[in-house]
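Data first, discussion second: the structure below is written as structure tokens.
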Amino acid sequence: MRQEEPEKKARIWQVVNQIPEGKVASYGQVARLADLPGYARYVGHVMKNLPPKSRIPWFRVLRSGGRIAFPKQSEAWKRQKALLEQEAVKVSDGRVSMGRHQWQP
DNA sequence: ATCATGACCCCAA
DNA sequence: TTTGGGGCCATGA
């Protein structure tokens, strides 16, 4: 049989888990690093359904250009902003400077 | 099988 | 900068 879906999810978790503190990556970047080019959207789906207890740093994953993937001013938006600033990642107007914080393995 | 829905990406106006 | 449209993938009705 072929249930490789859980396998993809696992690889994505692994990649996100490797993003070091103070660094960030985009959904597309995570997808590529997980050897799943084109799965940016799926990465978002996976982040949304993370086990409640999971310690995976989902907040270090942003949209292309370093924009937070939540409606501006929403609760989730504020939460992610806070978590990032907590690691000294500057977030101005809901965006972080990828040039300075993007993770490069 | 088709249709709609997302924590997406990219490019042209 | 914002908006629209096309392309993406998996999931659920």
Side-chain angles (χ1 to χ4, degrees):
Chain A
M1 54 182 147
R2 64 188 282 301
Q3 297 183 294
E4 56 175 300
E5 231 36 54
E7 153 71 62
K8 296 195 185 88
K9 186 168 61 174
R11 293 223 298 276
I12 291 174
W13 283 355
Q14 184 195 336
V15 171
V16 175
N17 227 358
Q18 288 175 17
I19 304 175
E21 191 177 310
K23 290 297 179 182
V24 299
S26 72
Y27 291 90
Q29 185 186 351
V30 169
R32 291 190 296 278
L33 290 174
D35 198 39
L36 296 170
Y39 279 65
R41 205 155 195 168
Y42 182 60
V43 171
H45 186 276
V46 172
M47 290 300 100
K48 180 181 183 180
N49 305 312
L50 283 177
K53 306 298 297 179
S54 139
R55 292 191 299 90
I56 296 179
W58 57 269
F59 56 88
R60 305 212 263 242
V61 183
L62 311 170
R63 279 205 239 169
S64 64
R67 302 186 330 291
I68 289 182
F70 291 107
K72 199 170 182 178
Q73 293 306 311
S74 67
E75 281 309 304
W77 186 93
K78 295 176 185 173
R79 188 157 55 244
Q80 180 163 17
K81 179 178 185 296
L83 287 168
L84 287 172
E85 300 183 316
Q86 183 179 298
E87 317 190 320
V89 173
K90 290 183 179 178
V91 182
S92 58
D93 192 46
R95 291 179 304 165
V96 325
S97 171
M98 290 301 261
R100 272 192 69 70
H101 300 101
Q102 185 171 203
W103 174 44
Q104 358 210 346

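All values derive from a computational prediction rather than experimental measurement.
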Query raised in the report: Does any residue of residues 12-39 of chain A have a heavy atom under 4.0 Å from DNA chain B, and if so, which ones, in number order?
Result: A:Ser26, A:Tyr27, A:Gly28
Report summary line: In whole angstroms, the gap separating P of B:dA7 from CD of A:Glu75 amounts to 16 Å
Query raised in the report: Looking at the side chain of A:His45, which of C:dA10, C:dT11, B:dC8 is the nearest nucleotide?
Result: C:dT11
Query raised in the report: In whole angstroms, how far is the P atom of C:dT1 from the NZ atom of A:Lys72?
Result: 10 Å
Requested in this report: Send over the distance from A:Phe59 CZ to B:dA7 C1', rounded to a whole Å.
Outcome: 15 Å
**Report entry** Sub-4.5 Å side-chain heavy-atom contact between A:Val15 and A:Trp103
**Finding:** yes
Report task. Mind calculating the distance between CZ (A:Arg67) and C1' (B:dC10) to the nearest angstrom? Result -> 11 Å
Query raised in the report: Going by an N to O cut-off under 4.0 Å, is there a salt bridge joining A:Arg79 and A:Glu75?
Result: no
Requested in this report: To the nearest Å, give me how far apart CE (A:Met98) and P (B:dC10) are.
Outcome: 10 Å
Query raised in the report: Under 3.5 Å, is there a donor-acceptor pair between the side chain of A:Gln102 and the main chain of A:Ser26?
Result: no
Query raised in the report: To the nearest angstrom, how far is A:Ile68 atom CD1 from B:dC8 atom C1'?
Result: 16 Å
Query raised in the report: Below 4.5 Å, heavy atoms only, C-beta onward: do A:Lys8 and A:Val46 meet side chain to side chain?
Result: no
Query raised in the report: What nucleic acid atoms does A:Tyr42 come within less than 4.0 Å of, heavy atoms only: base, sugar-phosphate, or nothing?
Result: sugar-phosphate
Query raised in the report: Nearest-Å distance, CD1 (A:Ile56) to P (B:dA7)?
Result: 17 Å
Query raised in the report: Does the side chain of A:Lys8 get closer than 4.0 angstrom to OP1 or OP2 of C:dA10 through an N or O atom?
Result: yes
Query - Side-chain donor/acceptor contact of A:Arg41 with base of C:dC9 under 3.5 Å - result: no
Report task. Decide yes or no on side chain to side chain contact (heavy atoms under 4.5 Å, CB included) for A:Lys72 and A:Asp93, but give the supporting numbers first. Result -> CA-CA 9 Å; A:Lys72 199 170 182 178; A:Asp93 192 46; 2.5 Å; yes
Query - Atom-to-atom span, CZ of A:Arg79 to C1' of B:dA7 - whole angstrom - result: 11 Å
Query raised in the report: Side chains of A:Arg41 and A:Tyr27: does their closest heavy-atom pair fall under 4.5 Å?
Result: no
Report task. Name the nucleic acid region contacted by A:Arg95, choosing base, sugar-phosphate or nothing; use a 4.0 angstrom heavy-atom cut-off, strictly under. Result -> sugar-phosphate
Query raised in the report: Checking side chain to side chain contact (heavy atoms under 4.5 Å, CB included) for the pair A:Arg60/A:Glu21: CA distance, chi angles, key distance, verdict?
Result: CA-CA 8 Å; A:Arg60 305 212 263 242; A:Glu21 191 177 310; 3.7 Å; yes
